[in-house]
A.B. asks: 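Below you will find the structure I want to go over with you.
Chain A is the first sequence line, chain B the second, and so forth, proteins listed ahead of strands; every chain is numbered from 1.
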Number of protein chains: 2
Amino acid sequence: MNFQHRKRLIVQTVDERGSIEVSELAALLQTSEMTVRRDLVQLAASGLLYRTRGGAMKVSLATDTHRFANKIAVNPERKDYICQLAANEIQEGDVIFMDCGSTVFRLCQFIRNKRITVVTNSLPIVAELMSSEVTINLVGGEVDKERQAVHGLIAEEHMARYRANRAFVGIDGISLQHGLSANSEKEASTTLAIARQSDKVYLLCDSSKLETNKYLYFAPLSLFNVLITDNEAPSEVVAAYRDAGVTLIN
Amino acid sequence: MNFQHRKRLIVQTVDERGSIEVSELAALLQTSEMTVRRDLVQLAASGLLYRTRGGAMKVSLATDTHRFANKIAVNPERKDYICQLAANEIQEGDVIFMDCGSTVFRLCQFIRNKRITVVTNSLPIVAELMSSEVTINLVGGEVDKERQAVHGLIAEEHMARYRANRAFVGIDGISLQHGLSANSEKEASTTLAIARQSDKVYLLCDSSKLETNKYLYFAPLSLFNVLITDNEAPSEVVAAYRDAGVTLIN
DNA sequence: TTTGTTTTGTTCAAAAATAAACAAACTCAA
DNA sequence: TTGAGTTTGTTTATTTTTGAACAAAACAAA
């Protein structure tokens with residue numbers, strides 16, 4: 001029973017069962033738990049399974065990337081700080097795009113009394129701005145109930161009909177090395193569609209997301225014009241972004 | 001049972017049930033309440049659920065403080081009667097248009113569990129069907145805040161892209177002499193656009209509106225195929241409509 | 001307000017899992 | 001066969017996770 005043989009069996013078993021414990025694998029492979037752990041470290045490093053304490057799991061079960069939708073509750077004070085900066089950029093008469101990110105949602109409170117037009121695919125944003133001075137243009141198409149937003153082909157065609165001064169979009173991950181990344185194709189696609197139709201794209205991104213990567217890389221840093229983040233961003237990271245030519249406000 | 005397992009089960013259970021208590025989760029996961037609390041802290045931090053005192057709830061439920069509310073209906077029991085009749089006409093797999101009338105809104109409760117597609121310009125209907133089996137297609141365009149609906153040129157273009165089996169539309173006034181009438185051009189125009197794209201048009205109209213006229217006449221009786229009204233309609237009026245060739249259900 | 005109940009966070013000790021260190025066994029050429 | 005290099009198993013130390021106990025905080029009812 002060599003490593004190759006064990007490796008095959010481990011991956012196969014994990015795929016079949018979804019998850020398994022180190023002790024079970026040791027019994028199954030007639031080997032010690034230490035050896036199993038060493039194998040698991042290698043397999044996890046090459047991405048064939050997800051290492052958990054006490055065992056391993058199928059990657060697909062552990063990551064559930066599609067779920068990270070409504071992050072309203074996370075880091076609200078940072079997000080409000082960012083949105084205040086973003087609101088300062090907006091002028092009367094502007095036509096702006098707002099996407100369905102949780103950070104972007106919090107921009108609503110700062111623009112309630114501005115005479116501007118907002119084009120958005122986010123239903124919470126529409127609800128929030130319903131009693132405001134803002135003229136709302138809602139993107140049509142099939143409703144994604146999980147994200148409470150409209151995505152897809154028809155939505156993108158709809159957006160293609162409008163031209164905006166500015167766009168405010170959220171992002172799941174951003175890194176100097178790989179650019180922008182997202183947890184879902186839908187959101188990535190919508191972000192691209194919005195960027196195409198806007199003169200100036202502002203990326204709203206709280207500092208916890210700087211230098212993180214999500215599963216789908218979808219655009220280089222050049223997609224946006226201005227990165228707005230909070231004042232808790234590490235100064236060396238901020239400096240690195242500025243050195244890379246990014247216009248960063250914080 | 002490690003953290004990854006518990007996490008999956010907790011998120012799944014919360015999503016299914018809407019909310020749950022710490023003690024229930026402890027029993028379900030065969031672990032202590034302390035552990036459940038620690039798990040909930042982590043899950044709430046990553047935005048997968050909303051922490052409440054004594055348990056947790058779905059994020060979307062917690063953030064839906066801003067709901068679209070339909071005006072309190074007049075004659076609710078008549079309208080529900082009509083909608084029950086209307087719902088009987090709908091079959092699995094149908095694609096249906098629903099407009100933004102208050103009568104049509106009450107149809108939602110009867111179609112929650114049907115596997116159909118609803119195309120609508122009404123925001124209260126979208127909100128109501130958000131947690132249902134129904135696939136929703138939202139009509140895009142400029143939002144009419146007063147009516148909580150989308151009207152106008154872009155909206156009509158959007159609707160022109162879809163073809164539906166059935167359409168359920170409300171009406172402000174109807175008379176044998178003058179046909180259909182409305183209180184606003186916007187709604188009249190939308191009704192016409194919907195009728196163009198539908199195989200069969202059902203007019204939902206409580207009996208208090210029969211033989212009334214509003215300021216804008218916009219279509220003859222031939223616009224619709226079936227008139228659904230309630231059982232309080234005077235029998236001579238019903239007879240007159242049937243004599244005039246109208247298919248009437250009540 | 002005060003009182004009593006429930007829920008929560010913190011601290012601590014026990015248990016489990018892991019990593020590190022080292023010895024034994026095995027591989028494979030020369 | 002020898003011996004360098006690798007893999008494996010065992011022991012030990014370290015880290016992580018867990019549950020219990022208890023104090024603090026939040027809530028509800030007088």
A.B. asks: Is any side-chain N or O of A/Ser32 closer than 4.0 Å to OP1 or OP2 of D/dT8?
C.D. replies: no
A.B. asks: Would you say the side-chain atoms of A/Thr35 and A/Arg6 include a donor-acceptor pair closer than 3.5 Å?
C.D. replies: no
A.B. asks: According to ring pair (Phe, Tyr, Trp, His ring centres under 6.0 Å), who are the partners of B/Phe168, at least two apart in sequence or on a separate chain?
C.D. replies: B/Tyr202
A.B. asks: State, with a plain yes or no, whether a side-chain heavy atom of B/Lys79 is found less than 4.5 Å away from one of B/Ser102.
C.D. replies: yes
A.B. asks: In whole angstrom, give the distance that lies between atom CZ of A/Arg6 and atom C1' of C/dC26.
C.D. replies: 13 Å
A.B. asks: Could you check how far NE2 of A/His5 sits from P of C/dC26, rounded to whole Å?
C.D. replies: 19 Å
A.B. asks: List for me each residue that meets ring pair (Phe, Tyr, Trp, His ring centres under 6.0 Å) alongside A/Tyr217, sequence neighbours excluded, and say none if there are none.
C.D. replies: A/His178
A.B. asks: State the CZ-CG distance between A/Arg51 and A/Leu40, to the nearest 0.5 angstrom.
C.D. replies: 4.5 Å
A.B. asks: Run the side-chain contact (heavy atoms from CB on, under 4.5 Å) test against A/Asp15 and tell me which residues pass, sequence neighbours left out.
C.D. replies: A/Val11, A/Lys58
A.B. asks: Mark yes or no for whether A/Gln84, through its side chain, and A/Phe110, through its backbone, hold a donor-acceptor pair below 3.5 Å.
C.D. replies: no
A.B. asks: So which protein nitrogen or oxygen atoms get under 3.5 Å of nucleotides 17-20 of chain C's nitrogens or oxygens?
C.D. replies:
| from | atom 1 | to | atom 2 | distance (Å) |
| --- | --- | --- | --- | --- |
| C/dA17 | O3' | A/Gly54 | N | 3.0 |
| C/dA17 | N3 | A/Arg53 | NH2 | 3.4 |
| C/dT18 | OP1 | A/Arg51 | NH1 | 3.0 |
| C/dT18 | OP1 | A/Arg51 | NH2 | 3.3 |
| C/dT18 | OP1 | A/Thr52 | O | 3.4 |
| C/dT18 | OP1 | A/Gly54 | N | 2.6 |
| C/dT18 | OP2 | A/Arg37 | NE | 2.9 |

A.B. asks: Which angle, rounded to 10°, do you find between the first-five-pair axis and the last-five-pair axis of the helix from C/dT1-D/dA30 to C/dA30-D/dT1?
C.D. replies: 30°
A.B. asks: Which pairs with one or both residues in residues 222-238 of chain A pass salt bridge (charged side-chain N to carboxylate O under 4.0 Å, His left out), sequence neighbours excluded?
C.D. replies: A/Arg78-A/Glu232
A.B. asks: Could you give the CG-to-C1' distance, from B/Leu40 to C/dT8, as a whole number of Å?
C.D. replies: 12 Å
A.B. asks: Specify the separation, in whole Å, of atom CD of B/Gln42 and atom C1' of D/dT18.
C.D. replies: 13 Å
